[in-house]
Each structure stands twice: as C-alpha cells, then as structure tokens.
Trainee: 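Structure incoming, see below.
Lettering of chains follows the sequences in order, A, B, ..., and the numbering in each one begins at 1.
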2 protein chains.
Amino acid sequence: MIGLKVIELKDSSVIILDQTLLPTEVKYIECEDVECIAEAIENLRIRGAPAIGVAAALGMAITAIKNADKPSEILLIELKKSYDRLKKTRPTAVNLFWALDRVIKRAESSKNIAAETVKEALRIHDETKISDKRIGEYGADLLEDGDVVLTHCNAGGLATTGIGTALGVIKTAWKQGKKIKVIADETRPLLQGARLTTFEMVAEEIPVDLICDNMAAFAMKNLGVTKVIVGADRIARNGDTANKIGTYGIAILAKEHGIPFYVAAPLSTIDVGIATGEEIPIEYRNPREIKFFNNKRVAPDGVGILNPAFDVTPNEYITGIITDKGVLKPPFEESIEKAFKS
Amino acid sequence: MIGLKVIELKDSSVIILDQTLLPTEVKYIECEDVECIAEAIENLRIRGAPAIGVAAALGMAITAIKNADKPSEILLIELKKSYDRLKKTRPTAVNLFWALDRVIKRAESSKNIAAETVKEALRIHDETKISDKRIGEYGADLLEDGDVVLTHCNAGGLATTGIGTALGVIKTAWKQGKKIKVIADETRPLLQGARLTTFEMVAEEIPVDLICDNMAAFAMKNLGVTKVIVGADRIARNGDTANKIGTYGIAILAKEHGIPFYVAAPLSTIDVGIATGEEIPIEYRNPREIKFFNNKRVAPDGVGILNPAFDVTPNEYITGIITDKGVLKPPFEESIEKAFKS
C-alpha cells in the first residue's frame, strides 16, 4: 500500500521494515524470536498502534511455530512467556494488549494450538488491512475538493500495515479524485511526520507540505487548513483519545480556529474497559531522544528533560471518530456503545 | 550576565559569540567589516531582536571608525551603504531598523560624524542592558514562589546582550529568592530553547526542564505551568506581537488553560508606525533548516517545506507586556501610547 511491506511472517521468522532508518534507508530486520520483535517495538522500528498489534500477534505466531511439536502444556507456557514479554514493550497503545489477548485466548481454547495461534495472528493482520480500507471509505466522505488537511505524526500504512488510518482517509479521497493537500507536522522528537508521513504522501503523489510542530497554529490561521485528521493509540469509552504527543494542543488550536478535528482509528483502538482518558497510562521515553539528535548533543548538561510520548485529547475537542464501523459522533459514550453492539 | 560576552566593539572590529555553535562550543568571530556582521545576523550567529539592533549599531560604528579620516560626504555615503546592507539582513525584528535609524540620524546631524556614530552605537548597547534590568524588575513583581514559567525560544541575555527580557524577568525573580521553575520549549527548527535558554538557566542554576514544542499543552495541563513569558520581535501599536514561530499557538493554549501569557520586551520593540500585527512582515527562512538536522536529511525529496520564522499573537491573548517603562495592560492601544509619552 506504500510500495513497501511493513511486516511479514515468513517461515518461522517475522520480517520487519526498520522505520527508524526511513526515509534515507530501506532496510529489513529478520526476527527469529520474540525478544527481537519486542526490541523492534520498544525502539520504534515498528510503531503505530495497529502495526504494534500485528507485530505482537506475529511474535506469538513464531513462538507457536517453533514449539509446534511440543506438548500442549509446554506450548502454552511458551506462548504465555511471549505474551508477558510483548505486553511489557509499550504501555499506551491498546491494540498491543487487544491483539495479544485475542491470540492467547484462541490458543487456550484450541485443540490444534500451534496452527490456530498462527491463523489468529494472520487473521489480525488481515483484519487490520480491511479495517483501514473501511476507515478510508467512511472518512473520505468527509473530505472535499480544496481541503487542506493537517495531520500529526504518522497514522499511515507504516503505522497499520494497511493503507493507514488518518492517511488512509486522505489516500482514499485522493483516489476518488478529490483535490486535497496535506500539511504534515514533523512530530518531535522522533520526526515520524517528517520521515514517514511525507514519505507515504510522496509515494502516492499527494501534495504535502512539511512544517515544524510549532507552526500548526500559523498554518491554521494563514495556510488555509480546513480539517485536522489524526490517528489514535487508545480511545476511552467516552471518546477521550490518547495519541502522539502534541495532538491535544492541535485539537485546542483547531477548536480556536473553527476547524473540524477528526480521529481515525479501528474499533480495536477503543478500550471499552476504561471510562475516560485519565485512566490511559502515558509512556515517558528516554530523554536522549530530545537531548541528542543524530548523536549530536543539542542541550547542555544539568537540564531536566521530559519526554512524554502521548497526550490525551478530551472528547469535547473531537468532531468525530472515523472507525471501520462508520464515523462516530458526540456524544461518544453512546455512539461508541452502539458501534460495539452493531 | 550569562558569563559570556555576546558582542563587543574592540578597536575597529566587532567580536561576536557564534550562537549557532552553543551549547557544545564557545567560539567568537571577529568582524572587521559590515558584510561579516550582516552574515552573522542572517545566519543567526547573533539573534534576538535587541541583540540584532546592537549588532547593527556596532556595524555602523566600525564603518565610522574605518572611514573616520575621510571627508564628511564620503563618510556619510559609507555609512549609508552599511545602513542599507544591514537593513536587508532580516525583516521582522523592528529593533534592527530602530537602531539603524537612530545611528544614521545621529551621524547626519553631527559635526564630528565618526565619533558621534560610535558613541550612539555604544549608547544603544548600554541602553539595551539597562532596559533589560528594568524589564526584569517590573516583571519579577508578577512572579511568586512556586511559579512554573513556560518560555519559548530564547529571550535571554544571548538575545539582548543584557540579562534578557523574558529570561531577565525569571533571573531577577530568582535573585529575589523566589522559588520558581522554568519549562523551556526546544523551539524548532533551530532549537534556541534547547541550546540557549537551558544554557542560560543552567548557568544561573535555575531549575529548568526542556520539552519539545508539541508538549506545551501537555505541560500546561499536567506539569503545573502557572505563567507563560516570551520575548518579542515586533509589537504593533495595538499590542499584536510578532515573536518566534510557535508563540501564537502557545498563547492560545495558555488562554484555554487559564494561564496568564506575558510578553517581555523593551519599548524599542514596539513599532508605533504600524497599527496591527497584520502589517508585520514575516520572514520565511531556508527549508533546509527543517529538511536537514545536523546535516542529516530527515524528509524525503518531493515534499514541500514551509519555514516561517515568526508568527503574530493577536493582542486578545496577551495578559500584559512587560517593558522598561512598566507592565502595560489592555487595552494596549492606550497603555502603549501612554508609555511612549511618559
């Protein structure tokens, strides 16, 4: 969907595109065990809530393949070990836990454990792509000729393994012939917007302008932004949305400028187990991500550095949540409940 | 004031601290002609509205010194050439034009042109430091124990040659024994917050945490920010304020969180020649500043890049303007007029 495979199960290995090297280098790593996949998730070689879910599921699959000829009890113990290791990789995106839970439950309730584990993992991978497609179609209806869409971080194919969520909406509208333009926040500290979102837009020949994160308000006021669409890492039952750090600020700026603010995410990103965004754990990452760039120090010693990787946007700033079951509107508590029942 | 001289007239040269190399390298350049100073301003070796004004004034001084024994007409022609060259360096900060106009007018109305030009330039340098001190004292009254002050870019001694404007307020309050804490935005693309503001705070042993620009809303909501203080590059007669890109967004976020938003700047930053911020020219800088980071490319070819260096914060978001003539309050049209008359 982006001309590059993001992740793939091949024999008893998982092949992962190392996204930390994009856009200057296209390189794959081959993971033969769960530790390698866990490391890839922790270091953002693969990232984006849906893609992390897929990676974790495929991690379970290789454990199943390697232990296929062992007795059920042993196989289940190995799967549980993989489950525990993968679960610890990152705390915020709920798709990780959702995918791991689905796979382990399947394994536990199957007779042919190894085969069913692999099947369930591949099913999650397939569903993710299908879900992207549906999100793209529902969301594209919201876009029209002349729209200038601001997006943050990378909620594209690189983040999902499909066509992407926020970027899937943009790609689908573009393929429908809608003349739209994208403004991409670079998204510090790891520059997923600069490195990945622009990469996907250029691949699709969709016009894209890159700005620094601190230019979003300027862009809304002076560069004609008409809509904001972002992805999500975890959505609470009331619609509060955790997404890449900076999203909350953009939502406030959008409201102040009267610009609709949409979240695009599959239902698997909605955590019905929690009532509000206050319950979402926020990952703080290594200060080195901010203090160093390309191994060059950019801040003096003696300075404290805070590196929250996500923030929570309260539901009141969200115009709609574009899901694989349609566009949910406020009040989200009701629309989310309805979507899960349908 | 920061333990380092920012700029100095020495014989017939101007010695300038190359701020592009901070915080990892302390290196001075010696400018023997105006072209060297113009280049230093254009490439941000010296930056910050008041410091740019001082640099331009000292540039005029070295032209005067070098041509001191020439006939008045020739000397004035040389000064006019220097004036024209320096005026073209950067468009937004008004202190540049204010300082150049002051010096050239003095030269044109003096008998002892060379000596008076140098004196006027040195007077501007001295006044800038005195003005910082006054801003610091007026502003410190606004701060109290426990304040967490968010600031953007670098409005410190490196930007003014004195103790700084926004950072001068913080330093003065700190010296008064007020227990305050600073949160510094890194300020993309050139990281003046990460490189320079933290450097000044560490030098004064004032507690400072560095964040990425896109973490400002998170900091306001979750890290206890109680006040925002920023500098200014040009203030219109109605209080609309041009400052480093990102300031406008921060002002909106501050309003949404009920946090007072102060601008700290000398009266020389107020351009009474313009009615509103819409008349302030905004500099767009080289896209390379965003596309490359420490010479490493971070965005693919084919992407457009927008690099506005400043934005304009409408007066309605500004709680007060801390000047060398006191803290101006809304309605700014009146308080600014009064300050200029006093």
Trainee: Begin from the C-alpha positions of A:L191 and A:F293 and carry the test side-chain contact (heavy atoms from CB on, under 4.5 Å) through to its verdict.
Mentor: CA-CA 11 Å; A:L191 301 174; A:F293 193 95; 3.4 Å; yes
Trainee: With a 6.0 Å cut-off on ring centres, are B:H257 and A:Y248 close enough?
Mentor: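 Centroid separation for B:H257 and A:Y248: below 6.0 Å.
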Trainee: CG/B:N214 to CZ/A:R188 distance, rounded to the nearest 0.5 angstrom?
Mentor: 8.5 Å
Trainee: Using side chain to side chain contact (heavy atoms under 4.5 Å, CB included) as the criterion, point out the one residue from A:N307, A:L306, A:D213 that pairs with B:M215.
Mentor: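 Among A:N307, A:L306, A:D213, the one meeting side chain to side chain contact (heavy atoms under 4.5 Å, CB included) with B:M215 is A:N307.
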Trainee: Quick one: which of B:P207, B:A219, B:G246 has the most heavy-atom pairs under 4.5 Å with chain A, could you say?
Mentor: B:G246
Trainee: Name the region of B:L223, side chain, backbone, both or neither, that has any atom closer than 4.5 Å to a heavy atom of chain A.
Mentor: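 For B:L223, the contact with chain A is made by the side chain alone.
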Trainee: With a 4.5 angstrom heavy-atom cut-off, is it the side chain or the backbone of A:I305 that approaches chain B, or both, or neither?
Mentor: both
Trainee: Can you say whether A:K291 sits under 4.5 Å from chain B via the side chain, the backbone, both, or neither, judging by heavy atoms?
Mentor: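 For A:K291, there is no contact with chain B at all, as no heavy atom is under 4.5 Å.
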Trainee: Quick check on A:R297: does its CZ atom have over 12 non-hydrogen neighbours (other residues, nucleotides or ligands) under 6.0 Å away?
Mentor: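 Count over threshold, so yes.
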Trainee: Here's one to test your reading of the geometry: is the NZ or CZ of A:K244 within 45 degrees of the ring axis of A:F310 and under 6.0 Å from its centre?
Mentor: yes
Trainee: Among the options A:K221, A:M201, A:M220, pick out the one with the most heavy-atom pairs lying under 4.5 Å from chain B.
Mentor: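 Most heavy-atom pairs under 4.5 Å with chain B: A:K221.
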Trainee: Tell me, side chain or backbone of A:L196 under 4.5 Å from chain B's heavy atoms, or both, or neither?
Mentor: neither
Trainee: In terms of heavy-atom pairs under 4.5 Å, which option from A:P308, A:P287, A:G249, A:P189 contacts chain B the most?
Mentor: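 Sorted descending by pairs with chain B, the first entry is A:P308.
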Trainee: With side chain to side chain donor-acceptor pair (under 3.5 Å) as the test, pick out the partner of B:N154 among B:Q19, B:R47, B:Q192, B:R195.
Mentor: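 Output: one option passes, namely B:R47.
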Trainee: With respect to chain B, which residue among A:V202, A:V298, A:L253 yields the maximal number of heavy-atom pairs within a distance under 4.5 Å?
Mentor: A:V298
Trainee: If you count the non-hydrogen atoms of other residues, nucleotides and ligands that lie under 6.0 Å from CD in B:E205, is the total more than 12?
Mentor: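 Incorrect, the count does not exceed 12.
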Trainee: Tell me, for A:P300 versus chain B, whether the close heavy atoms (under 4.5 Å) come from the side chain, the backbone, both or neither.
Mentor: both
Trainee: Is it the side chain or the backbone of A:V208 that comes within 4.5 Å of chain B heavy atoms, both, or neither?
Mentor: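 For A:V208, the contact with chain B is made by backbone and side chain together.
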Trainee: Any idea which of A:T198, A:D301, A:D311 has the most non-hydrogen atom pairs under 4.5 angstrom with chain B?
Mentor: A:T198
Trainee: Where on A:N295 is there a heavy atom nearer than 4.5 Å to chain B: the side chain, the backbone, both, or neither?
Mentor: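 The answer is neither part of A:N295.
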